[in-house]
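To keep things clear, I will list the structure first and then write my remarks on it.
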Amino acid sequence: MAKKKQDYEIFEIKLVKKQRLSPSFMRLTFGADKVKYLQAYAPDQWVKLIFPKIAGEGVNVPDDMTPYEYYRSLPEEIRPDIRNYTIRHLRPKVNEVDIDFVLHGAEGPASAWAIEAEIGAKIFTIAQCEFPDHRAEDTAEIGSFVWSPPRGAQEILLMADETALPAAIGILEQLSALEKPPKVTAYFEVPHEEDCLPTPIWPGLNLQYLPRNVGTWAAGAQLIAAANSVAIPKLVENAEKQVNDEIPEEEIVWQRADAADDSKFYAWIAGETSAMRTIRLTLTKQRGLNKQLLNFMGYWRKAELH
Ligand SMILES: Cc1cc2nc3c(=O)[nH]c(=O)nc-3n(C[C@H](O)[C@H](O)[C@H](O)COP(=O)(O)OP(=O)(O)OC[C@H]3O[C@@H](n4cnc5c(N)ncnc54)[C@H](O)[C@@H]3O)c2cc1C
């Protein structure tokens, strides 16, 4: 069978640096020759990180499968854990990529690895790459990012919890570099006050960090409160309100905006899945925002309490 056309490459990456940014964030820098081919088309570009169950095990993807299909085909007992993480910084000239991990404890393989891994430790990544000898006919659609604001956007709403903070700060950095940065309202929920990481600022930016330890807030609760109170720009209110199209509990929340190029408003909202479900309904059904202008991404799922 012919090799599938795709730009996703699987390769090994080595931990070259660890830097504690705050109580909840650890920046891990990875190196590998192939990092120079990695692509970050947008500040929320993500890669898949693969944490092998058997340390040191290699990867041999059959020609007729994509790396992801191959992993899905493995029996569960030996199938490695795969998690999505955002490219925080990419330095192709020195073959390095930074990923900011939320340290949420040792119960998750990714968080546990970030806590324990020593310099030199290796994992695999599946990532969008472009190679110099790449032929146009081999090019699949570029992907693994959502941020794609309309050219006419004048007002932007960003909502993120800690898992989406690396992407959200990257978005602020990109906007701040524009000749005329747009008006941005941003709510970033983090576990601790010390997790309020620095961001660029400009006169049109209204950023509120919402640390959960100032009070006894549950994860997502302050973002939900913000969705109830945020001022909705008059120009985007949808007079008819939205029909009720709740996303069922078992489905992931992943809704991309479909905004026209001349849309004035755009929103990027990511965090814990059940909070995303509530915020989506609040902003569309109750607050009357047109869902075509909104991106909602469930970045992780809170364990059910029994
Ligand atoms: C596109 C995308 C980009 C992402 N980028 C980043 C990123 O840059 N940095 C980052 O840290 N995360 C990021 N995430 C989220 C990350 O993939 C999840 O948090 C993932 O579940 C962590 O895997 P784990 O193995 O540590 O825990 P899991 O095995 O998935 O979960 C184990 C337990 O931990 C809980 N849990 C998982 N994540 C958290 C958390 N953050 N806080 C508290 N409890 C948690 C689960 O509810 C479960 O009970 C991203 C997710 C997506 C979809």
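Each ligand, and each atom within it, is numbered from 1 in the order the structure gives.
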Subject >> Pairwise ring pair (Phe, Tyr, Trp, His ring centres under 6.0 Å) hits with a residue in residues 167-206, at least two apart >> reply: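 Sorted pair list: F188-Y209.
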Original post:
Got a sec, which residues hit ring-ring contact (aromatic ring centres under 6.0 Å, His included) with W217, two or more places apart in sequence or on another chain?
Top reply: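 For W217, no residue satisfies ring-ring contact (aromatic ring centres under 6.0 Å, His included) once neighbours in sequence are set aside.
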Subject >> Contacts of type side chain to side chain contact (heavy atoms under 4.5 Å, CB included), residue S111, not counting sequence neighbours >> reply: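 Here the qualifying residues are H104, I115.
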Original post:
Would you call R91 and D98 a salt bridge, using N to O less than 4.0 angstrom?
Top reply: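 D98 and R91: salt-bridged.
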Original post:
Is atom CG of D261 surrounded by more than 12 heavy atoms (other residues, nucleotides or ligands) closer than 6.0 Å?
Top reply: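 More than 12 within 6.0 Å, yes.
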Subject >> Worked verdict on Q45 versus Q128 for side chain to side chain contact (heavy atoms under 4.5 Å, CB included) >> reply: CA-CA 9 Å; Q45 184 85 36; Q128 274 251 317; 3.9 Å; yes
Original post:
Using a threshold of 4.0 angstrom between heavy atoms of the protein and any atom of ligand 1, which residues qualify?
Top reply: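 Shell around ligand 1 (4.0 Å, heavy atoms): W46, R83, N84, Y85, T86, D100, F101, V102, H104, E107, G108, P109, A110, S111, T163, P166, W254, Y299, W300, R301, K302, A303.
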